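Just below is one structure, and these are the notes that go with it.
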Amino acid sequence: MRDGLSDILLEWYDTHARVMPWRVSPQDRKDGVLPDPYCVWMSEIMLQQTTVAAVKDYFHRFTAKWPTVSDLAAAEDADVMAEWAGLGYYARARNLLKCARAVVDDHGGRFPDTREGLLKLPGVGPYTAGAVSSIAFNRSEVVVDGNVERVMSRLYNVETPLPTSKPELTELARALTPEERPGDYAQAVMDLGATICTPRNPACGICPWREPCVARAEGTAASLPRKLPKKKVPTRFGHAYVARRADGTWLLETRPEKGMLGGMLGWPGSEWSDDPTPTPPFDGHWTTLNAEALHTFTHFHLRLKVHTAELPHGAEPGNAVLIGKHDFKPSSLPTVMRKVYDLAAATFVPVADDGSER
DNA sequence: AAAACGGGGGC
DNA sequence: GCCCCAGTTTT
(Lines give C-alpha, C1' and ligand atoms only; values in the text may rest on other atoms or scores of the structure.)
Protein backbone atom coordinates (compact mmCIF):
# COMPACT_ATOMS: atom_id res chain seq x y z
CA MET A 1 0.00 0.00 0.00
CA ARG A 2 1.24 3.48 -0.85
CA ASP A 3 1.03 6.22 1.69
CA GLY A 4 1.17 9.48 -0.22
CA LEU A 5 -0.97 12.37 0.94
CA SER A 6 -3.71 11.54 -1.53
CA ASP A 7 -3.81 7.91 -0.37
CA ILE A 8 -4.23 8.97 3.24
CA LEU A 9 -7.17 11.12 2.23
CA LEU A 10 -8.73 8.44 0.02
CA GLU A 11 -8.55 5.96 2.88
CA TRP A 12 -10.37 8.45 5.09
CA TYR A 13 -12.94 9.07 2.34
CA ASP A 14 -13.71 5.35 2.07
CA THR A 15 -15.27 5.48 5.50
CA HIS A 16 -16.32 9.13 5.79
CA ALA A 17 -17.72 10.07 2.39
CA ARG A 18 -20.85 12.15 2.72
CA VAL A 19 -23.89 10.64 1.05
CA MET A 20 -25.42 12.95 -1.53
CA PRO A 21 -28.17 12.36 -4.08
CA TRP A 22 -25.86 12.98 -7.06
CA ARG A 23 -22.99 10.89 -5.72
CA VAL A 24 -21.78 7.34 -6.28
CA SER A 25 -20.31 5.78 -3.13
CA PRO A 26 -16.59 4.95 -3.04
CA GLN A 27 -17.48 1.23 -2.92
CA ASP A 28 -19.63 1.44 -6.07
CA ARG A 29 -16.96 3.50 -7.80
CA LYS A 30 -14.44 0.76 -7.12
CA ASP A 31 -16.91 -1.58 -8.85
CA GLY A 32 -16.65 0.64 -11.91
CA VAL A 33 -19.86 2.62 -11.45
CA LEU A 34 -19.72 6.24 -12.62
CA PRO A 35 -22.39 8.86 -11.91
CA ASP A 36 -24.62 10.36 -14.61
CA PRO A 37 -22.70 13.37 -16.02
CA TYR A 38 -26.00 15.28 -16.26
CA CYS A 39 -26.54 14.88 -12.52
CA VAL A 40 -22.95 15.77 -11.69
CA TRP A 41 -23.11 18.87 -13.87
CA MET A 42 -26.51 19.89 -12.46
CA SER A 43 -25.33 19.51 -8.87
CA GLU A 44 -22.07 21.36 -9.49
CA ILE A 45 -23.82 24.32 -11.10
CA MET A 46 -26.24 24.48 -8.17
CA LEU A 47 -23.38 24.16 -5.68
CA GLN A 48 -21.60 27.25 -7.02
CA GLN A 49 -21.65 29.75 -4.13
CA THR A 50 -24.32 27.63 -2.48
CA THR A 51 -24.36 25.08 0.33
CA VAL A 52 -25.26 21.42 -0.02
CA ALA A 53 -28.22 21.86 2.34
CA ALA A 54 -29.71 24.60 0.16
CA VAL A 55 -29.19 22.62 -3.04
CA LYS A 56 -30.68 19.23 -2.15
CA ASP A 57 -34.38 19.95 -2.67
CA TYR A 58 -33.70 21.92 -5.85
CA PHE A 59 -31.65 19.07 -7.25
CA HIS A 60 -34.45 16.59 -6.58
CA ARG A 61 -37.08 18.83 -8.16
CA PHE A 62 -34.99 19.58 -11.25
CA THR A 63 -34.01 15.98 -11.96
CA ALA A 64 -37.55 14.75 -11.30
CA LYS A 65 -39.02 17.31 -13.67
CA TRP A 66 -36.24 17.06 -16.28
CA PRO A 67 -34.59 13.61 -15.96
CA THR A 68 -32.21 14.05 -18.89
CA VAL A 69 -30.32 16.89 -20.53
CA SER A 70 -32.65 16.58 -23.52
CA ASP A 71 -35.67 17.11 -21.29
CA LEU A 72 -34.09 20.20 -19.83
CA ALA A 73 -33.08 21.55 -23.23
CA ALA A 74 -36.71 21.31 -24.31
CA ALA A 75 -38.05 23.13 -21.25
CA GLU A 76 -39.64 26.58 -21.31
CA ASP A 77 -37.34 29.31 -20.03
CA ALA A 78 -40.00 30.59 -17.63
CA ASP A 79 -40.48 27.13 -16.11
CA VAL A 80 -36.78 26.75 -15.41
CA MET A 81 -36.46 30.24 -13.93
CA ALA A 82 -39.50 29.62 -11.72
CA GLU A 83 -38.02 26.33 -10.50
CA TRP A 84 -34.71 28.04 -9.73
CA ALA A 85 -36.40 30.84 -7.74
CA GLY A 86 -34.92 31.20 -4.26
CA LEU A 87 -31.59 29.57 -5.10
CA GLY A 88 -29.97 32.83 -6.19
CA TYR A 89 -27.38 33.86 -8.78
CA TYR A 90 -29.99 33.57 -11.50
CA ALA A 91 -27.43 33.84 -14.30
CA ARG A 92 -26.70 30.23 -13.37
CA ALA A 93 -30.22 29.22 -14.36
CA ARG A 94 -30.04 31.08 -17.67
CA ASN A 95 -26.68 29.45 -18.39
CA LEU A 96 -28.02 26.07 -17.25
CA LEU A 97 -30.56 26.17 -20.05
CA LYS A 98 -28.08 27.54 -22.59
CA CYS A 99 -25.68 24.77 -21.64
CA ALA A 100 -28.29 22.01 -21.86
CA ARG A 101 -29.26 23.25 -25.32
CA ALA A 102 -25.61 23.41 -26.39
CA VAL A 103 -25.04 19.83 -25.21
CA VAL A 104 -28.06 18.65 -27.20
CA ASP A 105 -27.48 20.80 -30.30
CA ASP A 106 -23.70 20.63 -30.55
CA HIS A 107 -22.72 17.41 -28.77
CA GLY A 108 -25.49 14.97 -29.57
CA GLY A 109 -26.91 15.10 -26.06
CA ARG A 110 -23.71 13.91 -24.36
CA PHE A 111 -21.54 16.07 -22.16
CA PRO A 112 -17.95 16.58 -23.32
CA ASP A 113 -15.73 14.29 -21.23
CA THR A 114 -12.66 16.52 -21.06
CA ARG A 115 -11.88 19.62 -19.05
CA GLU A 116 -11.18 21.55 -22.24
CA GLY A 117 -14.47 20.54 -23.83
CA LEU A 118 -16.46 21.29 -20.70
CA LEU A 119 -14.84 24.71 -20.31
CA LYS A 120 -16.44 25.87 -23.56
CA LEU A 121 -19.96 25.35 -22.19
CA PRO A 122 -21.97 28.30 -20.82
CA GLY A 123 -21.75 28.60 -17.05
CA VAL A 124 -18.88 26.14 -16.80
CA GLY A 125 -15.65 27.67 -15.48
CA PRO A 126 -12.40 26.20 -14.17
CA TYR A 127 -13.94 24.71 -11.03
CA THR A 128 -16.95 23.06 -12.66
CA ALA A 129 -14.92 21.77 -15.61
CA GLY A 130 -12.48 20.14 -13.20
CA ALA A 131 -15.22 18.74 -11.00
CA VAL A 132 -17.29 17.23 -13.82
CA SER A 133 -14.31 15.79 -15.70
CA SER A 134 -12.91 14.17 -12.59
CA ILE A 135 -16.14 13.11 -10.84
CA ALA A 136 -18.23 12.06 -13.87
CA PHE A 137 -15.44 10.85 -16.15
CA ASN A 138 -12.69 9.87 -13.70
CA ARG A 139 -10.10 12.12 -15.29
CA SER A 140 -7.18 13.38 -13.24
CA GLU A 141 -7.89 17.12 -13.24
CA VAL A 142 -7.31 19.65 -10.51
CA VAL A 143 -10.47 20.80 -8.72
CA VAL A 144 -10.24 24.00 -6.72
CA ASP A 145 -13.23 25.39 -4.87
CA GLY A 146 -13.30 27.39 -1.65
CA ASN A 147 -12.87 24.23 0.41
CA VAL A 148 -9.76 23.21 -1.51
CA GLU A 149 -8.30 26.71 -1.20
CA ARG A 150 -8.74 26.54 2.56
CA VAL A 151 -7.34 23.03 2.90
CA MET A 152 -4.27 23.80 0.75
CA SER A 153 -3.57 27.10 2.49
CA ARG A 154 -3.51 25.25 5.81
CA LEU A 155 -1.76 22.07 4.71
CA TYR A 156 1.13 24.21 3.37
CA ASN A 157 0.65 27.20 5.67
CA VAL A 158 0.25 29.70 2.82
CA GLU A 159 0.10 33.12 4.45
CA THR A 160 -0.39 35.17 1.30
CA PRO A 161 -3.99 36.42 1.33
CA LEU A 162 -6.63 35.40 -1.20
CA PRO A 163 -7.24 36.05 -4.01
CA THR A 164 -3.49 36.75 -4.56
CA SER A 165 -2.63 33.24 -3.39
CA LYS A 166 -5.09 31.51 -5.72
CA PRO A 167 -2.53 30.51 -8.41
CA GLU A 168 -0.18 29.13 -5.75
CA LEU A 169 -2.98 27.18 -4.08
CA THR A 170 -4.05 25.78 -7.46
CA GLU A 171 -0.50 24.55 -8.13
CA LEU A 172 -0.31 22.92 -4.71
CA ALA A 173 -3.66 21.22 -5.35
CA ARG A 174 -2.57 20.10 -8.80
CA ALA A 175 0.58 18.50 -7.40
CA LEU A 176 -1.53 16.40 -5.00
CA THR A 177 -4.13 15.26 -7.54
CA PRO A 178 -3.66 11.50 -8.06
CA GLU A 179 -3.92 9.47 -11.25
CA GLU A 180 -5.90 6.80 -9.37
CA ARG A 181 -9.43 7.55 -8.18
CA PRO A 182 -9.33 11.25 -9.12
CA GLY A 183 -13.12 11.55 -8.79
CA ASP A 184 -13.15 10.22 -5.24
CA TYR A 185 -10.11 12.33 -4.42
CA ALA A 186 -11.78 15.54 -5.62
CA GLN A 187 -14.84 14.81 -3.51
CA ALA A 188 -12.65 13.81 -0.57
CA VAL A 189 -10.77 17.14 -0.40
CA MET A 190 -14.02 19.06 -0.63
CA ASP A 191 -15.61 16.87 2.05
CA LEU A 192 -12.58 17.41 4.25
CA GLY A 193 -12.97 21.16 3.88
CA ALA A 194 -16.71 21.00 4.50
CA THR A 195 -16.63 18.77 7.59
CA ILE A 196 -13.16 18.89 9.25
CA CYS A 197 -11.09 21.72 7.83
CA THR A 198 -13.91 24.22 8.34
CA PRO A 199 -13.52 28.02 8.14
CA ARG A 200 -13.90 28.39 11.90
CA ASN A 201 -12.94 25.92 14.62
CA PRO A 202 -11.31 23.34 12.35
CA ALA A 203 -11.37 19.84 13.88
CA CYS A 204 -7.64 19.30 13.50
CA GLY A 205 -7.63 16.55 16.13
CA ILE A 206 -9.57 14.17 13.90
CA CYS A 207 -8.15 15.29 10.56
CA PRO A 208 -6.59 12.56 8.41
CA TRP A 209 -3.98 15.13 7.35
CA ARG A 210 -3.18 16.35 10.89
CA GLU A 211 0.38 14.93 10.77
CA PRO A 212 1.52 16.54 7.51
CA CYS A 213 -0.44 19.78 8.08
CA VAL A 214 2.00 22.70 8.50
CA ALA A 215 -0.62 25.14 9.80
CA ARG A 216 -1.60 22.67 12.51
CA ALA A 217 2.04 22.47 13.59
CA GLU A 218 2.35 26.25 13.50
CA GLY A 219 -0.96 26.84 15.25
CA THR A 220 -2.13 29.05 12.38
CA ALA A 221 -4.88 26.85 10.92
CA ALA A 222 -7.86 28.82 12.20
CA SER A 223 -6.43 32.09 10.83
CA LEU A 224 -6.00 30.73 7.28
CA PRO A 225 -6.67 31.41 4.54
CA ARG A 226 -6.03 35.12 4.96
CA LYS A 227 -8.22 37.34 2.87
CA LEU A 228 -7.90 40.88 1.60
CA PRO A 229 -10.26 43.17 3.52
CA LYS A 230 -13.67 43.61 1.94
CA LYS A 231 -15.36 46.94 1.55
CA LYS A 232 -18.68 47.47 3.23
CA VAL A 233 -21.89 47.59 1.28
CA PRO A 234 -24.04 50.67 0.59
CA THR A 235 -27.83 50.84 0.97
CA ARG A 236 -30.07 51.36 -2.04
CA PHE A 237 -33.75 52.21 -2.09
CA GLY A 238 -36.64 51.45 -4.41
CA HIS A 239 -40.39 51.05 -4.86
CA ALA A 240 -42.39 47.92 -5.63
CA TYR A 241 -45.99 47.92 -6.87
CA VAL A 242 -48.29 45.02 -6.09
CA ALA A 243 -51.63 45.08 -7.88
CA ARG A 244 -54.37 42.47 -7.98
CA ARG A 245 -57.57 42.32 -9.95
CA ALA A 246 -60.87 41.64 -8.16
CA ASP A 247 -60.76 38.08 -9.51
CA GLY A 248 -57.41 37.46 -7.82
CA THR A 249 -55.14 37.91 -10.85
CA TRP A 250 -51.72 39.44 -10.02
CA LEU A 251 -49.80 41.97 -12.11
CA LEU A 252 -46.14 40.96 -12.48
CA GLU A 253 -43.40 41.40 -15.05
CA THR A 254 -40.46 39.42 -16.34
CA ARG A 255 -37.26 41.27 -15.46
CA PRO A 256 -34.76 42.09 -18.23
CA GLU A 257 -32.19 39.36 -19.00
CA LYS A 258 -29.34 41.61 -17.96
CA GLY A 259 -28.94 42.97 -14.46
CA MET A 260 -30.17 41.97 -11.03
CA LEU A 261 -32.58 39.01 -10.93
CA GLY A 262 -32.36 38.86 -14.73
CA GLY A 263 -35.08 36.79 -16.37
CA MET A 264 -36.95 36.34 -13.12
CA LEU A 265 -40.54 37.21 -12.32
CA GLY A 266 -40.95 40.33 -10.20
CA TRP A 267 -43.26 43.14 -9.19
CA PRO A 268 -43.19 46.30 -11.29
CA GLY A 269 -41.10 48.98 -9.63
CA SER A 270 -38.58 51.78 -9.74
CA GLU A 271 -34.86 51.65 -10.32
CA TRP A 272 -32.85 50.79 -7.20
CA SER A 273 -30.75 53.83 -6.32
CA ASP A 274 -30.08 56.45 -3.66
CA ASP A 275 -33.27 58.34 -4.39
CA PRO A 276 -35.45 56.54 -6.92
CA THR A 277 -38.35 58.12 -8.75
CA PRO A 278 -41.59 56.32 -7.90
CA THR A 279 -43.05 55.00 -11.17
CA PRO A 280 -46.34 53.10 -10.71
CA PRO A 281 -47.18 50.72 -13.56
CA PHE A 282 -50.59 52.38 -14.04
CA ASP A 283 -52.51 55.35 -12.70
CA GLY A 284 -54.66 54.22 -9.83
CA HIS A 285 -55.41 54.51 -6.17
CA TRP A 286 -52.16 53.29 -4.58
CA THR A 287 -51.74 52.60 -0.89
CA THR A 288 -48.23 52.75 0.56
CA LEU A 289 -47.54 50.19 3.27
CA ASN A 290 -45.87 51.16 6.51
CA ALA A 291 -43.33 48.34 6.33
CA GLU A 292 -40.49 48.03 3.81
CA ALA A 293 -39.10 44.88 2.27
CA LEU A 294 -35.49 44.55 3.46
CA HIS A 295 -33.01 42.44 1.56
CA THR A 296 -29.23 42.22 1.33
CA PHE A 297 -27.47 41.28 -1.88
CA THR A 298 -23.75 40.65 -2.31
CA HIS A 299 -22.82 44.27 -2.76
CA PHE A 300 -25.69 46.37 -1.38
CA HIS A 301 -28.60 46.46 1.05
CA LEU A 302 -31.99 47.11 -0.50
CA ARG A 303 -35.03 48.78 1.10
CA LEU A 304 -38.17 48.56 -1.00
CA LYS A 305 -41.25 50.65 -0.26
CA VAL A 306 -44.29 48.52 -1.04
CA HIS A 307 -47.36 49.99 -2.72
CA THR A 308 -50.63 48.18 -3.38
CA ALA A 309 -53.65 48.86 -5.52
CA GLU A 310 -56.57 47.14 -7.15
CA LEU A 311 -55.87 46.47 -10.80
CA PRO A 312 -58.68 47.66 -13.10
CA HIS A 313 -59.51 45.53 -16.14
CA GLY A 314 -57.76 46.90 -19.18
CA ALA A 315 -55.14 48.87 -17.23
CA GLU A 316 -52.31 46.37 -17.76
CA PRO A 317 -49.05 47.82 -19.05
CA GLY A 318 -47.47 46.33 -22.18
CA ASN A 319 -44.86 44.21 -20.44
CA ALA A 320 -47.36 42.82 -17.95
CA VAL A 321 -47.34 39.19 -16.94
CA LEU A 322 -50.79 38.45 -15.54
CA ILE A 323 -50.99 35.40 -13.35
CA GLY A 324 -54.27 34.03 -12.12
CA LYS A 325 -55.10 33.23 -8.53
CA HIS A 326 -54.57 29.49 -8.97
CA ASP A 327 -51.42 29.73 -11.11
CA PHE A 328 -49.50 32.18 -8.93
CA LYS A 329 -46.89 30.58 -6.68
CA PRO A 330 -44.89 32.89 -4.39
CA SER A 331 -42.16 30.24 -4.54
CA SER A 332 -41.56 31.13 -8.17
CA LEU A 333 -40.34 34.60 -7.12
CA PRO A 334 -36.78 35.53 -6.18
CA THR A 335 -36.51 36.04 -2.44
CA VAL A 336 -36.69 39.83 -2.33
CA MET A 337 -39.84 39.75 -4.47
CA ARG A 338 -41.33 37.09 -2.24
CA LYS A 339 -40.66 39.37 0.76
CA VAL A 340 -42.57 42.12 -1.03
CA TYR A 341 -45.41 39.70 -1.67
CA ASP A 342 -45.52 38.60 1.96
CA LEU A 343 -45.94 42.20 3.08
CA ALA A 344 -48.51 43.08 0.42
CA ALA A 345 -50.60 39.92 0.44
CA ALA A 346 -51.84 40.50 3.97
CA THR A 347 -53.48 43.75 2.87
CA PHE A 348 -55.58 42.21 0.11
CA VAL A 349 -59.03 40.82 0.82
CA PRO A 350 -59.10 37.08 0.15
CA VAL A 351 -60.80 36.06 -3.08
CA ALA A 352 -63.14 33.09 -3.17
CA ASP A 353 -62.69 30.40 -5.81
CA ASP A 354 -65.64 31.80 -7.76
CA GLY A 355 -63.81 35.13 -7.98
CA SER A 356 -65.98 37.03 -5.52
CA GLU A 357 -64.38 38.84 -2.62
CA ARG A 358 -65.38 37.68 0.82
C1' DA B 1 -7.91 43.39 -12.29
C1' DA B 2 -12.20 44.43 -10.46
C1' DA B 3 -17.02 44.39 -10.22
C1' DA B 4 -21.46 42.18 -10.79
C1' DC B 5 -24.18 38.67 -9.28
C1' DG B 6 -28.25 35.96 -4.15
C1' DG B 7 -29.08 33.58 -0.50
C1' DG B 8 -28.25 30.92 3.64
C1' DG B 9 -25.92 29.75 7.91
C1' DG B 10 -22.99 30.58 12.07
C1' DC B 11 -22.21 33.11 15.96
C1' DG C 1 -28.32 41.51 13.48
C1' DC C 2 -23.78 41.30 11.64
C1' DC C 3 -20.32 38.61 9.51
C1' DC C 4 -18.84 35.02 6.59
C1' DC C 5 -19.03 32.00 2.63
C1' DA C 6 -18.24 31.06 -2.54
C1' DG C 7 -17.75 30.28 -9.04
C1' DT C 8 -18.55 32.54 -13.56
C1' DT C 9 -19.23 36.30 -16.49
C1' DT C 10 -18.80 40.92 -17.68
C1' DT C 11 -16.55 45.23 -17.69
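The figures here come from the full heavy-atom set of this structure, side chains too, leaving out hydrogens, waters and symmetry mates. Throughout, a chain's letter reflects where its sequence line sits, starting with A, and its residues are numbered from 1. As the structure is a computational prediction, the values presented were derived from the model and not from experiment.
Among all heavy-atom pairs drawn from A/Leu302 and A/Gly238, the shortest one is CD1-N, 4.5 Å. Listed here is the closest heavy atom pair of A/Gly269 and A/Tyr241: CA-CD1, 3.8 Å. Taking each heavy atom of A/His299 and A/Met260 in turn, the nearest pair found is CE1-SD, 4.2 Å.
Between A/Met264 atom CE and B/dG6 atom P the separation is 9 Å, expressed in whole Å. Between the C1' atom of B/dG6 and the CG atom of A/Leu333 lies a distance of 15 Å, rounded to the nearest Å. The nearest whole Å value for the distance from the CH2 atom in A/Trp41 to the P atom in C/dT8 is 14 Å. Per the geometry, CG belonging to A/Asp145 stands 8 Å off P belonging to C/dA6, to the nearest Å. Atom pair A/Phe300:CZ and B/dA3:P shows a separation of 15 Å (rounding to whole Å applied). If you measure from atom CG of A/Leu228 to atom P of C/dC4, you get 14 Å, rounded to the nearest angstrom. As rounded to whole Å, 12 Å separates atom P of B/dG7 from atom NE2 of A/His299. The nearest whole Å value for the distance from the CE atom in A/Met337 to the P atom in B/dG7 is 10 Å.
Nucleic acid contact for A/Gly259: sugar-phosphate only, since backbone atoms but no base atoms lie under 4.0 Å from a heavy atom of the residue. At a threshold of 4.0 angstrom between heavy atoms, the contacts of A/Arg92 with the nucleic acid are absent. Residue contacts for A/Tyr127: at a heavy-atom cut-off of 4.0 Å it reaches the sugar-phosphate backbone alone, with no base atom in range. In this structure, A/Lys258 reaches the sugar-phosphate backbone alone: every heavy-atom distance under 4.0 Å involves primed, P, OP1 or OP2 atoms, never a base. In this structure, A/Leu47 reaches neither bases nor backbone, as no heavy-atom distance under 4.0 Å exists between it and the strands shown. Using a 4.0 Å heavy-atom distance criterion, A/Thr128 is classed as a sugar-phosphate-only contact. Among the atoms of the strands shown, base atoms are found under 4.0 Å from some heavy atom of A/Thr298. Among the atoms of the strands shown, only primed sugar atoms or phosphate atoms (P, OP1, OP2) are found under 4.0 Å from some heavy atom of A/Leu87.
Looking at A/Asp14 and A/Arg181, a side-chain N of the basic residue comes within less than 4.0 Å of a carboxylate O on the acidic one, giving a salt bridge.
Remark: the A/Thr50 side chain and the B/dG7 base include no donor-acceptor N/O pair separated by less than 3.5 Å. With hydrogens and angles ignored, a donor-acceptor pair closer than 3.5 Å exists between the side chain of A/Gln49 and the base of C/dG7.
Within the structure, a side-chain polar atom (N or O) of A/Tyr90 is placed less than 4.0 Å from OP1 or OP2 of B/dG7. Side-chain nitrogen and oxygen atoms of A/Lys227 include at least one within less than 4.0 Å of the OP1 or OP2 phosphate oxygen of C/dA6. Not one side-chain nitrogen or oxygen of A/Asn201 sits closer than 4.0 Å to the OP1 or OP2 atom of B/dG10. Phosphate proximity of B/dG7 to A/His295: present, with a side-chain N or O under 4.0 Å from OP1 or OP2.
Separation of the C1' atoms belonging to C/dA6 and B/dA4 is 14 Å when rounded to the nearest angstrom. Comparing the C1' positions of B/dC5 and C/dC5 gives an interatomic distance of 15 Å, to the nearest angstrom. One P atom belongs to B/dG6, the other to C/dT11, and the distance between them is 14 Å to the nearest Å.
Between the side chains of A/Gln48 and A/Arg92, no donor-acceptor pair of N or O atoms lies under 3.5 Å.
Residues A/Leu119 and A/Asn147 both approach DNA chain C. Their nearest nucleotides, taken by heavy-atom distance, put A/Asn147 toward the 5′ side. If you find the closest nucleotide of DNA chain C to A/Arg150 and to A/Gly123, the one lying nearer the 5' end belongs to A/Arg150.
Side-chain atoms of A/Arg94 come within 3.5 Å of backbone atoms of A/Gly262 as a donor-acceptor pair (strictly under, hydrogens ignored).
In this structure C/dG7 sits in a base pair with B/dC5, meeting the Watson-Crick or G-U test at under 3.5 Å.
The nucleotide whose nearest atom lies closest to any side-chain atom of A/Gln48 is, among B/dC5, C/dG7, B/dG9, C/dG7.
If you take CE on A/Met152 and CG on A/Asn147, they are separated by 10.5 Å, rounding to the nearest 0.5 Å.
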